Amino acid sequence: MMIIVSPSLLKLTVGKIIDIQKHENADKIYVSKILIQDQKIDQEIKINQSMKAALQVCSGLVPYIPMSELLNSRVVVVTNLKPSKIRGVLSEAMILAAENSNNLEDEDVSQQQLKVEVVRPPISSNIGDRLFFESHIIDHDKEAGRVKPKVWQEIAKHLRTNENCQVVYKLPEGGENLLKLNKSNDNENVNENCCYVKSLSNAIVR
């Protein structure tokens, strides 16, 4: 049975990694605390409050991105997937990242050549901002429901970066929708309002 889905089902939020550690029982997994509410954390009491409010997220990024590069960086987080446990550790959301696996044809060398980059939120965004794919309307007053794994898998099939390294949703009928801030001012710089990766063009996003 065909599952009809829309990327508007995803709750995509700008977050900041405020703590990151390696998983005690999984060599390739980071366990991060990601803040998705705009707070000042320059005082110790604020830091403690932020840690409690942050989401805990497991990600398989250890082989590809050093911990120092991720700590205090801003990321795009899918916050309405079903929470899961990875080797006994709760993961409450998912960090979006791009990988070049679709461009690697030789399985023997693909693991060595595989490159992964986290998706960066728009330059003009703030922590906690909601992101959307253009032309897919979001009702900000309505709480986003949990997305089932099969629905997420169908949506993920269409997530890519374009030739400009911007994150897009590839439409089945052709064309693409940019992942961006919910802003409609035509005078604003589109590059400041779109999600992007550092160098991986025409890559898979998941």
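Owing to the predicted nature of the structure, the values given are computational and were not obtained by experimental measurement.
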Legend entry - Neighbour count above 12 (heavy atom, 6.0 Å) for Arg87 CZ: no
Inset, instruction - Tell me whether Ile20 is reachable from Ile65 by hopping between hydrophobic residues (I, L, V, M, F, W, Y) whose side-chain heavy atoms are closer than 4.5 Å. - result: yes
Legend entry - hydrophobic_cluster_shared for Val31 and Leu35, side chain cutoff 4.5 Å: no
Inset, instruction - Provide the closest heavy-atom pair for His158 versus Pro172 in the form atom of the first, atom of the second, distance. - result: CE1-CG, 4.0 Å
Legend entry - Atom pair CG/CG of Asn126 and Leu181 - distance to nearest 0.5 Å: 8.0 Å
Inset, instruction - Of all the heavy-atom pairs spanning Glu99 and Leu200, show the shortest one and how long it is. - result: CA-CD1, 4.0 Å
Legend entry - Lys170 atom NZ, over 12 foreign heavy atoms within 6.0 Å: yes
Legend entry - Nearest-0.5 Å distance, CD of residue Glu134 to OH of residue Tyr169: 13.5 Å
Inset, instruction - Report yes if the side chains of Pro83 and Arg146 come closer than 4.5 Å at any heavy-atom pair, otherwise no. - result: yes
Inset, instruction - Find out if a path of hydrophobic residues (ILVMFWY) with successive side-chain heavy-atom gaps under 4.5 Å connects Val77 to Ile86. - result: no
Inset, instruction - Would you confirm whether Asn162, through its side chain, and Asn164, through its main-chain N or O, come within 3.5 Å as a donor-acceptor pair? - result: yes
Legend entry - Ile95-Tyr64 co-clustered via ILVMFWY side chain contacts under 4.5 Å: yes
Inset, instruction - Look at the side chain of Asn80 and the backbone N and O of Gly145, then say whether any donor-acceptor pair between them is shorter than 3.5 Å. - result: yes
Legend entry - Pair Lys115-Ser199, side-chain donor/acceptor within less than 3.5 Å: yes
Legend entry - For the student: nearest non-hydrogen atoms of Ser124 and Glu192, plus distance: OG-O, 2.9 Å
Inset, instruction - Any chance you could lay out the side chain to side chain contact (heavy atoms under 4.5 Å, CB included) test for Asn72 and Ile17, step after step, and finish with the verdict? - result: CA-CA 5 Å; Asn72 294 320; Ile17 298 177; over 6 Å; no
Legend entry - Ile155 side, atom CD1; Arg206 side, atom CZ - distance, nearest 0.5 Å: 15.5 Å
Inset, instruction - Would you mind reporting whether Val75 and Val119 have side-chain heavy atoms less than 4.5 Å apart? - result: no
Legend entry - Distance in Å, Glu92 CD paired with Ile36 CD1, rounded so as to fall on 0.5 Å steps: 9.0 Å
Legend entry - Expected output: side-chain Ser91 to main-chain Ala93 donor-acceptor under 3.5 Å: yes
Legend entry - Under 3.5 Å: donor-acceptor pair, side chain of Gln56, backbone of Leu90: yes
Legend entry - Ser125 to Arg74 - nearest heavy-atom pair and separation: O-NH1, 2.7 Å
Inset, instruction - State whether the side chain of Arg160 and the backbone N or O of Lys157 hold a donor-acceptor pair below 3.5 Å, judged by distance alone. - result: yes
Legend entry - Separation between CG of Leu70 and CG of Asp19, rounded to the nearest 0.5 Å: 12.0 Å
Legend entry - Over all atoms of both residues, closest heavy-atom pair of Trp152 and Leu81: CB-CD2, 4.0 Å
Inset, instruction - Without swapping roles, check the side chain of Tyr30 against the backbone of Met67 for a donor-acceptor pair under 3.5 Å. - result: yes
Legend entry - Test log, rule side-chain hydrogen bond (donor to acceptor under 3.5 Å, both in side chains), inputs Asn202 and Glu163: CA-CA 6 Å; Asn202 301 310; Glu163 60 184 10; 5.8 Å; no
Inset, instruction - Please check if the side chain of Glu117 supplies one atom and the backbone of Lys198 the other of a donor-acceptor pair under 3.5 Å. - result: yes
Inset, instruction - Any chance you could lay out the side chain to side chain contact (heavy atoms under 4.5 Å, CB included) test for Leu171 and Glu176, step after step, and finish with the verdict? - result: CA-CA 5 Å; Leu171 299 170; Glu176 61 186 35; 5.9 Å; no
Inset, instruction - Determine whether Val151 and Leu9 make a side-chain contact, defined as any pair of heavy atoms from C-beta on separated by less than 4.5 Å. - result: yes
Legend entry - Flag side-chain contact, heavy atom, 4.5 Å: Cys165 against Ser201: yes
Legend entry - Heavy-atom side-chain contact between Val118 and Leu96 under 4.5 Å: no
Inset, instruction - Using the side chain to side chain contact (heavy atoms under 4.5 Å, CB included) rule, take Arg130 and Leu12 through it: C-alpha gap first, then chi angles, then the decisive distance, then the call. - result: CA-CA 6 Å; Arg130 182 91 178 267; Leu12 298 155; 5.7 Å; no
Inset, instruction - Please tell me if the side chains of Val76 and Thr13 come closer than 4.5 Å, counting only heavy atoms from C-beta onward. - result: no
Inset, instruction - Could you pull out the closest heavy-atom pair between Gln37 and Ile127, with the gap in Å? - result: O-CG2, 3.6 Å
Legend entry - Path from Leu179 to Val78 over hydrophobic side-chain contacts below 4.5 Å: yes
Legend entry - Interatomic distance, Leu131 atom CG to Asn193 atom CG [nearest 0.5 angstrom]: 10.0 Å
